[in-house]
**Student:** 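One structure coming up, written as structure tokens, with questions to follow.
Each chain gets a letter, A, B and so on, in the order the sequences are listed, and its residues count up from 1.
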Amino acid sequence: MSHYQVVKGARDIFPDEMVQWKYVEEVVSRLAVTYGFSEIRTPVFEYTELFQRSIGASTDIVGKEMFSFQPDPGGRSITLRPEMTAGVMRAVLQKNLLAASPVQKLYYISELFRKERPQAGRQRQFSQFGAELLGASSPAAVAEVIIFMMHVFESLGLKGLRLRINTLGNRDDRQKYREALRAYLAPSFDRLDEASRERFEKNPLRILDSKNPEMQDIVAGAPKLRDYLSSDAVDDFEKVLAYLSGRGIDFQIDHLLVRGLDYYSYTAFEVTSSELGAQDALGGGGRYDSLALELGSPSEVPAAGFAVGMERLLIAMQKQGLFQQQAPEGPSVFVVVQQPEHFDRAFEIAGKLRRSGISTVIDLARRSMKAQLREANRMHAASALFVGGDELASGLYALKNLVSSSQETFSLDGVVTFLQQQTPVNGNLR
RNA sequence: GUGAUUGUAGCUCAGUUGGUUAGAGCGCCAGGUUGUGGCCCUGGAGGUCGGGGGUUCGAGUCCCCUCAUUCACCCCA
């Protein structure tokens with residue numbers, strides 16, 4: 001066992017699993033294009049203030065889960081991004097992309113970092129794919145984002161998902177409601193748990209979605225946000241729901257759904273999977289019109305987006321056996337060296353095959369023939385090309401199909417021609 | 001940050017109330033088959049028993065510390 005091991009909360013992805021990642025990433029990218037989203041990549045770190053400003057200084061993420069450090073003595077603190085939205089918004093505002101084109105549709109597949117205690121479906125380094133739709137305030141914008149997300153799940157074949165959705169109203173609605181909620185909770189303040197007491201001042205809405213059963217009892221009789229919504233917010237929400245229904249998407253309205261990032265307004269949503277343990281949120285998002293303003297934009301930028309946890313998605317898919325077809329692809333041919341003294345000639349032949357676009361493996365460890373063929377089986381090579389004294393003398397090579405065990409003899413050019421015909425168009429030839 | 005859980009071969013795991021040289025299956029390597037894989041047979045390599053300290057004539061086994069793992073709280077994707 002090595003003296004060194006992966007950092008707590010991080011993990012290696014080996015080739016067997018990598019195949020699954022590639023598959024999911026391809027589906028995401030393909031559908032993103034279908035919905036008109038373009039890919040963006042932003043740096044893994046940003047100035048710390050960006051996250052304090054956007055996610056909210058009172059949130060747990062900013063309060064205790066960020067990897068922050070100071071690269072230059074006395075310089076500004078920077079932070080490994082704990083989420084993507086802030087960085088994307090920062091990039092769009094900095095480049096003034098909305099001036100070039102007022103609606104921006106961007107997607108990403110990126111790594112995030114949060115200093116939490118690792119657990120099933122929760123790591124310190126993790127990946128999300130997500131999308132941000134900036135510059136459009138219509139309910140259709142939020143709906144499109146949700147539909148895109150659900151379409152990805154559908155294409156991947158995921159079952160057992162639950163989409164919960166709520167509207168948080170506009171800023172005024174929430175302000176009025178916040179006051180009402182505080183007034184209701186104030187007499188019960190002594191019964192609140194520690195976290196809820198803290199939220200009482202900073203963000204009382206978050207008390208609503210506490211998992212603590214005692215909090216839930218207290219909250220049960222609280223005034224409802226829906227009674228404080230402006231007609232504007234109600235209309236917007238109903239329109240969003242209508243779009244979802246129109247697309248045949250099942251959802252549950254959950255008036256207690258609040259979500260932990262401060263920048264949400266109007267629609268907020270979350271998807272959970274029954275396949276995951278305690279960390280069952282597969283994805284979530286919502287509308288965040290005020291974020292641009294927080295980041296110094298002169299005006300509000302209507303915006304909606306979502307993020308999905310890649311690791312959780314993979315876990316759910318693995319549990320549902322959705323990766324049966326994603327076996328690692330083997331090489332077209334394994335060059336078997338019959339006597340060690342012929343290795344150099346065989347190596348040249350392998351090179352020729354590779355220049356012809358044929359994926360080729362040759363045993364570099366100079367093992368026995370039996371071992372070479374075992375290796376060829378192990379990596380699912382399609383065929384074996386035998387190279388020995390007889391072949392080099394005659395120029396005729398035996399090519400064995402490792403699946404059917406049939407064997408044919410070709411000249412070297414004949415081998416190339418034959419294998420090129422065998423190679424699938426979208427397979428090993430790239 | 002809190003509470004539990006588990007650390008023995010590459011992997012999955014045995015290992016009795018503390019008692020010789022720590023085992024099995026799978027995998028790996030080689031041979032049986034001197035130029036043809038999968039099945040079978042035979043053999044081999046591979047272990048600081050997570051690490052440190054203690055108790056003991058003797059510790060994989062008991063005690064303490066520590067590191068790591070996993071799960072849950074919390075939070076979130």
Side-chain angles (χ1 to χ4, degrees), chain A residues 1-9 11 14 55 58-66 81-85 108-130 149 193-196 198-199 206 209-213 215 258-261 269-273 276-285 305-316 334 336-340 342 363 365 367-392 397-407:
Chain A
M1 193 186 295
S2 166
H3 193 67
Y4 293 100
Q5 45 192 100
V6 269
V7 169
K8 180 208 284 281
R11 59 190 293 265
F14 291 100
I55 302 171
S58 71
T59 61
D60 281 14
I61 294 178
V62 170
K64 51 190 184 191
E65 296 174 1
M66 297 206 299
R81 61 187 177 200
E83 60 111 45
M84 281 297 289
T85 302
Y108 56 83
I109 305 173
S110 301
E111 291 74 45
L112 294 319
F113 305 85
R114 260 126 89 160
K115 199 167 53 190
E116 301 180 274
R117 198 72 172 263
Q119 188 182 330
R122 185 173 79 186
Q123 302 158 228
R124 290 180 158 191
Q125 177 180 332
F126 62 104
S127 300
Q128 290 184 343
F129 82 86
M149 179 182 75
D193 61 25
E194 197 180 340
S196 297
E198 213 164 297
R199 288 170 182 162
R206 301 261 14 248
D209 63 3
S210 170
K211 281 186 194 166
N212 184 338
M215 295 306 103
V258 173
R259 300 187 52 74
L261 284 63
F269 57 91
E270 190 168 297
V271 179
T272 51
S273 164
L276 302 174
Q279 307 301 318
D280 64 349
L282 199 57
F306 73 84
V308 170
M310 288 288 284
E311 286 80 3
R312 293 183 186 180
L313 180 58
L314 274 275
I315 290 169
F334 193 106
V336 176
V337 185
Q338 314 221 52
Q339 297 90 19
H342 296 125
D363 180 46
R367 284 172 286 183
S368 69
M369 263 186 79
K370 185 175 188 168
Q372 292 180 60
L373 282 160
R374 258 206 308 267
E375 180 71 19
N377 283 330
R378 199 155 41 221
M379 56 175 54
H380 302 109
S383 60
L385 181 72
F386 294 93
V387 176
D390 296 349
E391 287 80 2
L392 291 169
Y397 298 83
L399 183 69
K400 181 172 192 172
N401 183 313
L402 289 176
V403 179
S404 66
S405 291
S406 65
Q407 189 162 318

**Student:** Report the distance from atom CD of A:Glu111 to atom C1' of B:C76, rounded to the nearest whole Å.
**Tutor:**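 Between C1' of B:C76 and CD of A:Glu111: 18 Å.
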**Student:** With heavy-atom distances below 4.5 Å as the criterion, would you say the side chains of A:Asp363 and A:Phe334 are in contact?
**Tutor:**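 Yes, side chains in contact.
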**Student:** With rounding to the closest Å, how many angstrom separate the P atoms on B:G7 and B:C71?
**Tutor:**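 Pairwise P distance, B:G7 against B:C71, rounds to 16 Å.
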**Student:** If you measure from CG on A:Asp280 to CD on A:Glu270, what distance do you get to the nearest 0.5 Å?
**Tutor:**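 CD of A:Glu270 is found 7.5 Å from CG of A:Asp280.
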**Student:** Mind checking if A:Asn377 touches a base, just sugar-phosphate, or nothing, with heavy atoms under 4.0 Å?
**Tutor:**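 It contacts base atoms.
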**Student:** State which of B:A77, B:C73, B:G37 makes the closest approach to the side chain of A:Gln279.
**Tutor:**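 Selected nucleotide: B:C73.
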**Student:** Is any side-chain heavy atom of A:Tyr397 closer than 4.5 Å to a side-chain heavy atom of A:Leu392?
**Tutor:**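 In contact.
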**Student:** To the closest 0.5 Å, what do you measure between NZ (A:Lys115) and CD1 (A:Ile61)?
**Tutor:**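 If I round to the nearest 0.5 Å, the distance is 13.5 Å.
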**Student:** Among B:A68, B:A77, B:A72, which nucleotide sits nearest the side chain of A:Gln5?
**Tutor:**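 Comparing B:A68, B:A77, B:A72 against the side chain of A:Gln5, the answer is B:A68.
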**Student:** Could you grab the distance from atom OG of A:Ser368 to atom CZ of A:Arg374, nearest 0.5 Å is fine?
**Tutor:**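 The OG atom of A:Ser368 sits 6.5 Å away from the CZ atom of A:Arg374.
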**Student:** Output yes when at least one side-chain N/O atom of A:Gln119 is less than 4.0 Å from OP1 or OP2 of B:C73, else no.
**Tutor:**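 Looking at the OP1 and OP2 atoms of B:C73, one of them is under 4.0 Å from a side-chain N or O of A:Gln119.
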**Student:** By the 4.0 Å heavy-atom rule, please label A:Leu282 as base, sugar-phosphate, or nothing.
**Tutor:**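 Result for A:Leu282 = sugar-phosphate.
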**Student:** Could you tell me the separation between the CZ atom of A:Arg312 and the P atom of B:C76, rounded to a whole number of Å?
**Tutor:**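 To the nearest whole Å, that distance equals 11 Å.
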**Student:** How many angstroms lie between CG in A:Leu373 and CG in A:Leu402, if you round to the nearest 0.5 Å?
**Tutor:**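 These two atoms lie 7.0 Å from each other.
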**Student:** What distance separates A:Asn401 CG from A:Ser383 OG, expressed to the nearest 0.5 Å?
**Tutor:**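 Rounded to the nearest 0.5 Å, the CG-OG separation comes to 7.0 Å.
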**Student:** How many whole angstroms separate atom CG of A:Asp60 from atom C1' of B:C76?
**Tutor:**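 So the CG-C1' distance, A:Asp60 to B:C76, works out to 9 Å.
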**Student:** Expressed as a whole number of Å, how far does the C1' atom of B:G60 sit from that of B:G18?
**Tutor:**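 Approximately 10 Å lies between the C1' atom of B:G60 and that of B:G18.
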**Student:** Distance between the P atoms of B:G27 and B:C41, in whole angstroms?
**Tutor:**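 My reading of the P atoms in B:G27 and B:C41 gives 11 Å.
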**Student:** Does A:Glu116 pair with A:Arg124 as a salt bridge, N-O distance under 4.0 Å?
**Tutor:**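 Salt bridge flag = no for A:Arg124 with A:Glu116.
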**Student:** Could you state the atom-to-atom distance from NZ of A:Lys64 to P of B:G1 in whole Å?
**Tutor:**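 Taking atom P of B:G1 as the reference, NZ of A:Lys64 is at 11 Å.
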**Student:** By nearest nucleotide on RNA chain B, pick out whichever of A:Phe386 and A:Arg199 is the more 5' one.
**Tutor:**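 Looking at the nearest nucleotide for each, A:Phe386 comes out on the 5' side.
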**Student:** Can you tell me how far NZ of A:Lys8 sits from CZ of A:Arg117, rounded to the nearest 0.5 angstrom?
**Tutor:**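 It comes to 6.0 Å.
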**Student:** Touch check for A:Glu65, heavy atoms < 4.0 angstrom, all strands: base, sugar-phosphate only, or nothing?
**Tutor:**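 Sugar-phosphate, no base atom in range.
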**Student:** Without decimals, in angstroms, what is the distance between A:Leu276 CG and B:A72 P?
**Tutor:**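 A:Leu276 atom CG is separated from B:A72 atom P by 10 Å.
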**Student:** Heavy atoms under 4.0 Å, any strand shown: does A:Arg206 hit a base, just sugar-phosphate, or nothing?
**Tutor:**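 A:Arg206: backbone/sugar contact only, no base atoms under 4.0 Å.
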**Student:** Using the P atom in both, what is the distance from B:U70 to B:U33, to the nearest Å?
**Tutor:**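 That atom pair is separated by 48 Å.
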**Student:** Using atom CD of A:Glu311 as one end and atom P of B:C76 as the other, report the distance to the nearest whole Å.
**Tutor:**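 Value for this atom pair: 18 Å.
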**Student:** Between A:Arg114 and B:C74, is there a contact of a side-chain N or O with OP1 or OP2 at under 4.0 Å?
**Tutor:**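 The answer is no; no side-chain N or O of A:Arg114 sits under 4.0 Å from OP1 or OP2.
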**Student:** Assuming nearest nucleotide by heavy-atom distance, tell me which of A:Gly389 and A:Val403 is located more 5' along RNA chain B.
**Tutor:**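 Looking at the nearest nucleotide for each, A:Gly389 comes out on the 5' side.
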**Student:** Base, sugar-phosphate, or nothing for A:Gly277, non-hydrogen atoms under 4.0 angstrom?
**Tutor:**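 The answer is sugar-phosphate, as A:Gly277 gets under 4.0 Å only of primed atoms, P, OP1 or OP2.
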**Student:** When the distance from CG of A:Leu402 to P of B:G37 is rounded to whole Å, what number comes out?
**Tutor:**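 Going from CG in A:Leu402 over to P in B:G37 covers 11 Å.
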**Student:** Classify A:Ala307 by what it touches in the nucleic acid, base, sugar-phosphate, or nothing, heavy-atom distance under 4.0 Å.
**Tutor:**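 Sugar-phosphate: the residue A:Ala307, judged by heavy atoms under 4.0 Å, touches backbone atoms but no base.
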**Student:** Under 4.0 Å, heavy atoms only, any strand: does A:Gln407 hit a base, just the sugar-phosphate, or nothing?
**Tutor:**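 If one applies the 4.0 Å heavy-atom cut-off, A:Gln407 turns out to touch a base.
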**Student:** Just how far, in rounded Å, is P of B:U36 from CD of A:Gln339?
**Tutor:**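 The answer, rounded to whole Å, is 11 Å.
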**Student:** Which nucleotide, B:A77, B:C73, B:U36, lies nearest any side-chain atom of A:Lys400?
**Tutor:**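 Ranking B:A77, B:C73, B:U36 by closest atom to the A:Lys400 side chain puts B:U36 first.
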**Student:** Write down the distance separating the C1' atoms in B:A24 and B:C64, rounded off to the nearest Å.
**Tutor:**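 Each nucleotide's C1' atom is 33 Å from the other's.
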**Student:** Which parts of nucleotides 26-34 of chain B does protein reach within less than 4.0 Å, heavy atoms only, written one letter per nucleotide 5' to 3' as B for base, S for sugar-phosphate only and - for none?
**Tutor:** --SSSBB--
**Student:** Kindly point out which of B:U2, B:G37, B:A77 is positioned nearest to the side chain of A:Arg117?
**Tutor:**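 Minimum distance to the A:Arg117 side chain belongs to B:U2.
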**Student:** Between which residue ranges does RNA chain B form stems of three or more consecutive Watson-Crick or G-U wobble pairs, both distances under 3.5 Å?
**Tutor:**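 So far as stems of 3 or more pairs are concerned, RNA chain B shows B:1-4 with B:70-73, B:10-13 with B:23-26, B:28-32 with B:40-44, B:50-54 with B:62-66.
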